[in-house]
Peer 1: 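To start, I am sharing the structure in question, which I have written as structure tokens.
In each ligand, atom 1 is the first atom listed, and ligand 1 is the first ligand listed. Residues: numbered from 1 along the sequence shown.
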Amino acid sequence: MAAYILAIDQGTTSSRALLVRQDGSVAALAQEELPQHFPASGHVEQEAEDIFGTVLNCCRAVLAKAGATASDIAAIGITNQRETTLVWERATGRAIHRAIVWQDRRTAEACAQLEADGHGALVNARTGLLLDPYFSATKIAHILAAVPGAREGAETGELAFGTVDSFLLYRLTGGRAHVTDATNAARTLLFDIHRGEWDDDLLALFGVPRALLPEVKDCAADFGTTDPALFGGPIPIRGVAGDQQAAMVGQACFAPGMVKSTYGTGCFALLNTGTTPVASSSRLLTTIAYQIGGQRTYALEGSIFVAGAAVQWLRDGLRIISTASESDRLAAQADSGQDVILVPAFVGLGAPYWRPEVRGALFGLTRATGPAELARAALESVCFQTVDLIDAMRADWPDGDTVLRVDGGMTASDFTMQRLADLLGAPVDRPVQKETTVLGAAYLAGLECGFFPPPDVFAGQWRLERRFTPQMLPEVRAGRIAQWRDAVGRLIGGV
Ligand SMILES: Nc1ncnc2c1ncn2[C@@H]1O[C@H](COP(=O)(O)OP(=O)(O)O)[C@@H](O)[C@H]1O
Ligand SMILES: O=P(O)(O)OC[C@H](O)CO
């Protein structure tokens, strides 16, 4: 029997490939940074060839590291940065425009106009999402308008649209599969999450021809087979999910009420609400957590655009640290008498405020404020934002778990995890297996091909590495949260 699942994680800042064994352990890993382009304020782009090229390099590197060949791989599982939008020529697989990344705000005005025209309620009812530039539909419309001839090519079916998973599938299968999975489709603003289908009213609203769209499949399904020329033999592709949903699977949050929060570039908290979608009255998103065997499981999602990106700002913008891990030690040295608050609205604010036009601010600066206080403010800003999300979740779903399962690069910071537990007033559980996003993608592929056990057995294999329990006095916690809310309120004009 083949020894590994090859899991591909195409993230915002890097592409990674991992070989995962049947016990869930990682046999080999390869990673490549992905160049980012910021052509104008609020614009974030990536080259499609960089996305595919880095993935291909990582897959080849990881096979070489383990001395494995295509026949050692039971299946491939793919997980990806979501919403990021690509349009390409079917004949060549070449993108006609750089990928417009999820963080890109260029369609903020188009979204505001659609909202002003009264379309927000329909969009929210069908998709569970909000009219925000974060999602794909207005990005597709922008590409079709910006590239000469693109609209005609879209109508005639010469062009194809896809999120990153779909583009990778197209290229990995040598152009044979134009497919996506339900979790990625659910982030486009074009997919009815209740019926599980592309929605004609929404396609008309955003001006997106149906001929552009991929076929939508379960997360564990037959997504095609790789072009044999790529890896020296064909490899079946059997699992796909957006990265936040894959993390939910990797964290084994299969029961209604379970919550996970992933701290990468941004932070995304998802609460499993079972097979019934729950409409949010707190401006959270309703989304598909996973779809297996034709059965959709839903989630409430809180999306924060800046989490680890605040640490990158300390490193690359302020240059007060040289590696991300230094932020932890520096923050621990901060003067406890100074309450500096950073609202890291570098690309606007996501849930629950949804204000794409605001920009960040620092509050409470004194002559004594230095690098340590700024580092602490950056790490705490991620915790405060999580408090906002979890409060919103509790309002929408009062019976949710009080324990938060965390993962992602930033959870390496013990300072942040302790402060998160303190400010939440609830335990924070960090698992032994830190590669939960990749594990989720691997699991979906392995479930489909019989490499991994059913969900209940898999859930029993989840292991705790460390539980952070709240140590802050309740009145101190309440005071700090009030300071945060006051800062956000002053920035956006009232919370
Ligand atoms: N020890 C650390 N302390 C704080 N932040 C960290 C630490 N290690 C990594 N990070 C942050 O985590 C992020 C990378 O996490 P990752 O899950 O790989 O992100 P992504 O999937 O978005 O590329 C970076 O923004 C980095 O600044
Ligand atoms: O690349 P990440 O891990 O920050 O995730 C990006 C999200 O999928 C955007 O919705």
Peer 1: Enumerate the residue pairs fulfilling salt bridge (charged side-chain N to carboxylate O under 4.0 Å, His left out) with a member in residues 36-45, sequence neighbours excluded, ordered by first and then second residue.
Peer 2: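 Sorted result for residues 36-45: Glu45-Arg98, Glu45-Arg106.
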Peer 1: If you measure every N/O of Arg187 against every N/O of ligand 2, is any gap under 3.5 Å?
Peer 2: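 The answer is no, given that Arg187 and ligand 2 share no N or O pair closer than 3.5 Å.
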Peer 1: Answer yes when Glu465 and Lys434 have at least one side-chain N-carboxylate O distance shorter than 4.0 Å, and no when they do not.
Peer 2: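 Looking at Lys434 together with Glu465, the answer is yes, because their closest N to O distance falls below 4.0 Å.
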Peer 1: Nearest to atom 5 (N) of ligand 1, what protein heavy atom do you find, and at what distance?
Peer 2: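 The closest heavy atom on the protein side is Met410 CG, 3.4 Å.
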Peer 1: Could you list which atoms of ligand 1 come closer than 4.0 Å to a heavy atom of Ser413?
Peer 2: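 Near Ser413, the atoms of ligand 1 are 3 (N), 4 (C).
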Peer 1: Distance under 4.0 Å to a non-hydrogen atom of Glu83: what atoms of ligand 2 satisfy this?
Peer 2: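 Heavy-atom distances to Glu83 below 4.0 Å select 9 (C), 10 (O).
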Peer 1: Between Gly409 and ligand 1, does any nitrogen or oxygen pair lie at a separation below 3.5 Å?
Peer 2: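 Indeed, backbone or side chain, Gly409 has an N or O that close.
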Peer 1: For the residue pair Arg405 and Trp462, establish whether any side-chain heavy-atom pair is separated by less than 4.5 Å.
Peer 2: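 Counting from C-beta outward, Arg405 and Trp462 do come under 4.5 Å.
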Peer 1: Taking Ser166 for its side chain and Val179 for its backbone only, find out whether a donor-acceptor pair lies under 3.5 Å.
Peer 2: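 Yes, the answer is positive, given that a donor and an acceptor are paired below the 3.5 Å cut-off.
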Peer 1: By salt bridge (Lys or Arg N to Asp or Glu O under 4.0 Å), which residues pair with Arg466, not counting sequence neighbours?
Peer 2: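 Partners of Arg466 by the salt bridge (Lys or Arg N to Asp or Glu O under 4.0 Å) criterion, ordered by chain and then number, come out as Asp414.
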Peer 1: Can the ring centres of Trp88 and His178 be said to be less than 6.0 Å apart?
Peer 2: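 Yes - the distance between ring centres of Trp88 and His178 falls below the 6.0 Å cut-off.
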Peer 1: Apply salt bridge (Lys or Arg N to Asp or Glu O under 4.0 Å) to Glu435 and Arg16, showing your working.
Peer 2: CA-CA 11 Å; Glu435 300 285 358; Arg16 288 138 48 82; 2.2 Å; yes
Peer 1: Numbering the atoms of ligand 1 from 1, which are under 4.0 Å from a heavy atom of Ser325?
Peer 2: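 Numbered from 1, ligand 1 contributes 1 (N), 2 (C).
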Peer 1: Heavy-atom contacts with Tyr134 under 4.0 Å: which atoms of ligand 2 show up? List them by number with element.
Peer 2: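 Reading through ligand 2 atom by atom, the close ones are 9 (C), 10 (O).
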Peer 1: What are the atoms of ligand 1, with element, lying closer than 4.0 Å to any heavy atom of Ala309?
Peer 2: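 Counting from 1, the qualifying ligand atoms are 25 (O).
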Peer 1: Measuring from the heavy atoms of Gly266, does anything fall under 4.0 Å of ligand 2?
Peer 2: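 Yes, that is the case, since the closest heavy atom of the residue is under 4.0 Å from the ligand.
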Peer 1: Can you tell which part of Ala324 has a heavy atom less than 4.0 Å from ligand 1: side chain, backbone, both or neither?
Peer 2: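 Both backbone and side chain of Ala324 come within 4.0 Å of ligand 1.
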Peer 1: For atom 1 (O) of ligand 2, what is the closest protein heavy atom, and at what distance to 0.1 Å?
Peer 2: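 Result: Thr12 OG1, 2.4 Å.
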Peer 1: Gly308 heavy atoms, cut-off 4.0 Å: which ligand 1 atoms fall inside?
Peer 2: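 Atoms satisfying the 4.0 Å criterion: 25 (O), 27 (O).
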Peer 1: Which heavy atom in Arg419 sits nearest to a heavy atom in Met472, and how many Å separate them?
Peer 2: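 Heavy atoms of Arg419 and Met472 come nearest at CD-CE, 4.0 Å.
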Peer 1: Any protein heavy atom under 4.0 Å from atom 1 (N) of ligand 1?
Peer 2: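 So atom 1 (N) of ligand 1 has protein heavy-atom neighbours under 4.0 Å.
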Peer 1: Is the distance between the ring centroids of Phe305 and Tyr134 under 6.0 Å?
Peer 2: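 Here the rings of Tyr134 and Phe305 have centres that are less than 6.0 Å from each other.
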Peer 1: With salt bridge (Lys or Arg N to Asp or Glu O under 4.0 Å) as the criterion, how do Arg82 and Glu301 come out once you've worked through the C-alpha distance, each side chain's angles and the decisive distance to 0.1 Å?
Peer 2: CA-CA 13 Å; Arg82 308 167 303 166; Glu301 172 176 323; 2.9 Å; yes
Peer 1: With a distance cut-off below 6.0 Å to the six-membered ring centre and an angular limit of 45° from the axis, does Arg171 pair with Phe52 as a cation-pi contact?
Peer 2: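 That pair qualifies as a cation-pi contact.
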Peer 1: Does the side chain of Thr163 come under 3.5 Å of the side chain of Arg187 through a donor N or O and an acceptor N or O?
Peer 2: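 No, Arg187 and Thr163 have no side-chain donor paired with an acceptor closer than 3.5 Å.
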Peer 1: Under 4.0 Å from any heavy atom of Thr13, which atoms of ligand 1 are there?
Peer 2: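 So the atoms of ligand 1 that pass are 20 (P), 23 (O).
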Peer 1: Which part of Asp243 is near ligand 2, with near meaning a heavy atom under 4.0 Å away: side chain, backbone, both or neither?
Peer 2: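 Answer for Asp243: side chain.
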Peer 1: Indicate yes or no: does an N/O atom of Ser14 lie under 3.5 Å from an N/O atom of ligand 1?
Peer 2: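 In this structure, Ser14 places no N or O atom under 3.5 Å from an N or O of ligand 1.
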Peer 1: With a cut-off of 4.0 Å, which atoms of ligand 1 are near a heavy atom of Ser327?
Peer 2: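 Ligand 1 atoms under the 4.0 Å threshold to Ser327: 3 (N), 4 (C).
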Peer 1: May I ask you to identify, for Gln244, whether its side chain, its backbone, both or neither come under 4.0 Å of ligand 2 on a heavy-atom basis?
Peer 2: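 Just the side chain.
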Peer 1: Could you list which atoms of ligand 2 come closer than 4.0 Å to a heavy atom of Thr265?
Peer 2: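 Under 4.0 Å from Thr265, ligand 2 has these atoms: 4 (O).
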Peer 1: Should Leu379 be counted as touching ligand 1, given the test is an N or O pair under 3.5 Å?
Peer 2: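 For ligand 1, there is no N or O atom that lies under 3.5 Å from one belonging to Leu379.
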Peer 1: Going by distance only, is there an N or O of Arg82 that falls short of 3.5 Å from an N or O of ligand 2?
Peer 2: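 Min N/O separation from ligand 2 is below 3.5 Å for Arg82.
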Peer 1: Is it the case that ligand 1 has an N or O less than 3.5 angstrom from some N or O of Thr12?
Peer 2: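 Between Thr12 and ligand 1, no N or O pair is found under 3.5 Å apart.
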Peer 1: Under 4.0 Å from a heavy atom of Gln81: which atoms of ligand 2 are those, numbered in the order shown and with their elements?
Peer 2: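 Listed by number with element: 8 (O).
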Peer 1: Going by the atom numbers of ligand 1, which of them fall below 4.0 Å from some non-hydrogen atom of Ala412?
Peer 2: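 Checking each atom against Ala412, I get 1 (N).
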Peer 1: Between Asp181 and Lys217 (salt bridge meaning N to carboxylate O under 4.0 Å), is one present in this structure?
Peer 2: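 Lys217 and Asp181: not salt-bridged.
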Peer 1: Using the ring centroid of each side chain, check whether Phe268 and Trp102 are separated by less than 6.0 Å.
Peer 2: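 Yes.
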Peer 1: Under 3.5 Å, is there a donor on one side chain and an acceptor on the other for Asp388 and Trp484?
Peer 2: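 There is such a pair between these side chains.
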Peer 1: In the complex you have, is atom 18 (O) of ligand 1 within reach of the protein, judged by whether a heavy-atom distance drops under 4.0 Å?
Peer 2: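 It does not: no protein heavy atom is found less than 4.0 Å away from atom 18 (O) of ligand 1.
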Peer 1: Quick test: of every protein heavy atom, which one is nearest to atom 21 (O) of ligand 1, and how far off is it to 0.1 Å?
Peer 2: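 The closest one turns out to be Gly11 CA, 4.6 Å.
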